[in-house]
2 protein chains.
Amino acid sequence: MTDDDRVFKALADPSRRFLLDLLFARDGRTLTELESELEMTRFGVAKHLKVLEEAGLVVTRRSGREKLHFLNAIPIRQIHDRWIDKYTEHQITTLIDLKRTLEEES
Amino acid sequence: MTDDDRVFKALADPSRRFLLDLLFARDGRTLTELESELEMTRFGVAKHLKVLEEAGLVVTRRSGREKLHFLNAIPIRQIHDRWIDKYTEHQITTLIDLKRTLEEES
DNA sequence: AAGTTATGTGACCATCAGGTCACATGTCAA
DNA sequence: TTGACATGTGACCTGATGGTCACATAACTT
């Protein structure tokens, strides 16, 4: 299994993406804290966090018996850079900003 | 199945990512042309292209009996924007540029 | 019209991935 | 040290996914 394979496989599951959303909103949470946000047993959440960590999307730090989880956005940026060059990036951000503006007006 | 679910599921397979790489390098190719680049039957490639198209990562245009495939990078940018805010983006691009520079020097 | 070329469909099978559970380890507090 | 708390492991079941094949449709060529 290659590095990027691990990243994309990790992102393929909605529960794992939701975990990233939670960490994006607020970093440094424990397993137990994250577990309370999902409709799933602790074991399921732990399994998902392990997948995210092995993919490098989440980094952890131990503090006593607790394990704190942090979002690492670098692999996300690398996905971006794989298929979007500087020129296209400018076009797309312009397009997305325009779309947002139009949606706000309506 | 939600829209973003389709996108992430589509990206989870290495063959499909390779197809995006091919289209990133050169757009507007037919199924037959793409098939020749993969170690897989035409049916497999067609199936993968269908998944990419339904995810909106590839858009197509018919030309007679041929079907031309084009890369659409907008969903990729939206993945980026989901977990990388403006401030973090600046930090990360700086970090990645630095990493690239160091690798070029060594 | 007949043959060739480009693509589409549905079934099939083997493998993988998500989720749960019983059980185990390590840490804090009294 | 005893109990409660936070996390880790391996087995297990079920549903989804990747790839192939037989068959089918549609369009270009001569």
Side-chain angles (χ1 to χ4, degrees), chain A residues 1-23 26-71 75, chain B residues 1-23 26-71 75:
Chain A
M1 172 112 69
T2 62
D3 277 6
D4 69 308
D5 215 37
R6 261 183 287 272
V7 172
F8 287 105
K9 287 265 167 58
L11 291 174
D13 181 84
S15 300
R16 287 195 288 266
R17 292 196 297 274
F18 182 58
L19 285 168
L20 292 183
D21 290 338
L22 291 174
L23 294 178
R26 183 164 52 82
D27 254 340
R29 307 204 214 189
T30 66
L31 167 59
T32 312
E33 195 176 350
L34 292 165
E35 172 205 341
S36 67
E37 305 270 354
L38 297 228
E39 310 260 319
M40 192 186 303
T41 63
R42 178 176 57 82
F43 306 99
V45 178
K47 213 167 180 177
H48 284 309
L49 286 172
K50 183 166 182 246
V51 173
L52 288 169
E53 189 174 356
E54 285 173 348
L57 285 162
V58 163
V59 292
T60 61
R61 185 163 55 80
R62 273 216 159 269
S63 166
R65 61 181 162 181
E66 292 185 331
K67 190 174 180 184
L68 307 181
H69 299 77
F70 301 86
L71 173 64
Chain B
M1 173 112 68
T2 62
D3 278 6
D4 68 308
D5 214 38
R6 262 184 285 273
V7 172
F8 287 106
K9 288 263 167 59
L11 290 174
D13 182 84
S15 300
R16 287 195 288 266
R17 292 196 297 275
F18 183 59
L19 284 168
L20 292 184
D21 289 339
L22 291 174
L23 294 178
R26 184 163 52 80
D27 254 338
R29 307 204 215 189
T30 66
L31 165 60
T32 312
E33 193 176 351
L34 291 166
E35 172 204 341
S36 68
E37 304 269 353
L38 298 228
E39 310 259 319
M40 193 187 302
T41 62
R42 178 176 57 80
F43 307 99
V45 178
K47 215 168 180 175
H48 284 308
L49 286 172
K50 183 163 181 252
V51 173
L52 288 169
E53 189 174 356
E54 285 173 348
L57 286 161
V58 163
V59 291
T60 60
R61 185 163 56 81
R62 274 217 158 268
S63 165
R65 60 180 164 183
E66 292 185 333
K67 189 175 180 184
L68 308 181
H69 298 77
F70 301 85
L71 174 63

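By convention in this document, chain letters (A, B, ...) are assigned in the order of the sequence lines, proteins followed by strands, and residues within each chain are numbered from 1.
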**Prompt:** Is any side-chain heavy atom of A:Thr32 less than 4.5 Å from a side-chain heavy atom of A:Glu35?
**Reply:** yes
**Request:** Quick one: list whatever passes salt bridge (Lys or Arg N to Asp or Glu O under 4.0 Å) with B:Asp21, sequence neighbours left out.
**Result:** A:Arg82
**Fill in**
Under a 4.0 Å heavy-atom criterion, the protein footprint on nucleotides 8-20 of chain C, written with B, S and -, is BB-B-----SSBB
**Asked** Who are the side-chain contact (heavy atoms from CB on, under 4.5 Å) partners of B:Val51, not counting sequence neighbours?
**Response** B:Ala10, B:Arg16
Distance-only donor-acceptor hits, side chain of residues 38-45 of chain A, under 3.5 Å, sequence neighbours excluded:
from, atom 1, to, atom 2, distance (Å)
A:Thr41, OG1, A:Gly44, N, 3.4

**Request:** Measure the shortest side-chain to side-chain distance between B:Glu33 and B:Leu22 over non-hydrogen atoms and say whether it is less than 4.5 angstrom.
**Result:** no
**Request:** Report the distance from atom CG of B:Leu49 to atom P of C:dT7, rounded to the nearest whole Å.
**Result:** 9 Å
**Partners meeting side chain to side chain donor-acceptor pair (under 3.5 Å) with A:Thr2 (sequence neighbours left out)** = A:Asp4
**Prompt:** Residues in salt bridge (Lys or Arg N to Asp or Glu O under 4.0 Å) with B:Arg6, at least two apart?
**Reply:** B:Asp3
**Item:** Pairwise side-chain contact, A:Leu23 with A:Leu19, heavy-atom cut-off 4.5 Å (strictly under)
**Value:** no
**Item:** Pairs satisfying side-chain hydrogen bond (donor to acceptor under 3.5 Å, both in side chains), at least one member in residues 50-71 of chain A, at least two apart
**Value:** A:Glu53-A:Thr60, A:Glu53-A:Lys67
**Request:** Note down the inter-axis angle between the two ends of the helix from C:dA1-D:dT30 to C:dA30-D:dT1, five pairs each, to the nearest 10°.
**Result:** 30°
**Message:** Between P on D:dT17 and CG on B:Leu11, what's the gap in Å once rounded to a whole number?
**Reply:** 14 Å
**Prompt:** D:dT20 C1' sits how many Å from B:Glu35 CD, rounded?
**Reply:** 13 Å
**Message:** Please evaluate residues A:Leu20 and A:Val58 with respect to the criterion side-chain contact (heavy atoms from CB on, under 4.5 Å), reporting the C-alpha separation (whole Å), side-chain torsions for both, the decisive distance (0.1 Å), and the verdict.
**Reply:** CA-CA 8 Å; A:Leu20 292 183; A:Val58 163; 3.8 Å; yes
Between the protein and nucleotides 26-30 of chain D, list every N/O to N/O distance that falls short of 3.5 Å.
from, atom 1, to, atom 2, distance (Å)
D:dA27, N3, B:Arg65, NH1, 3.4

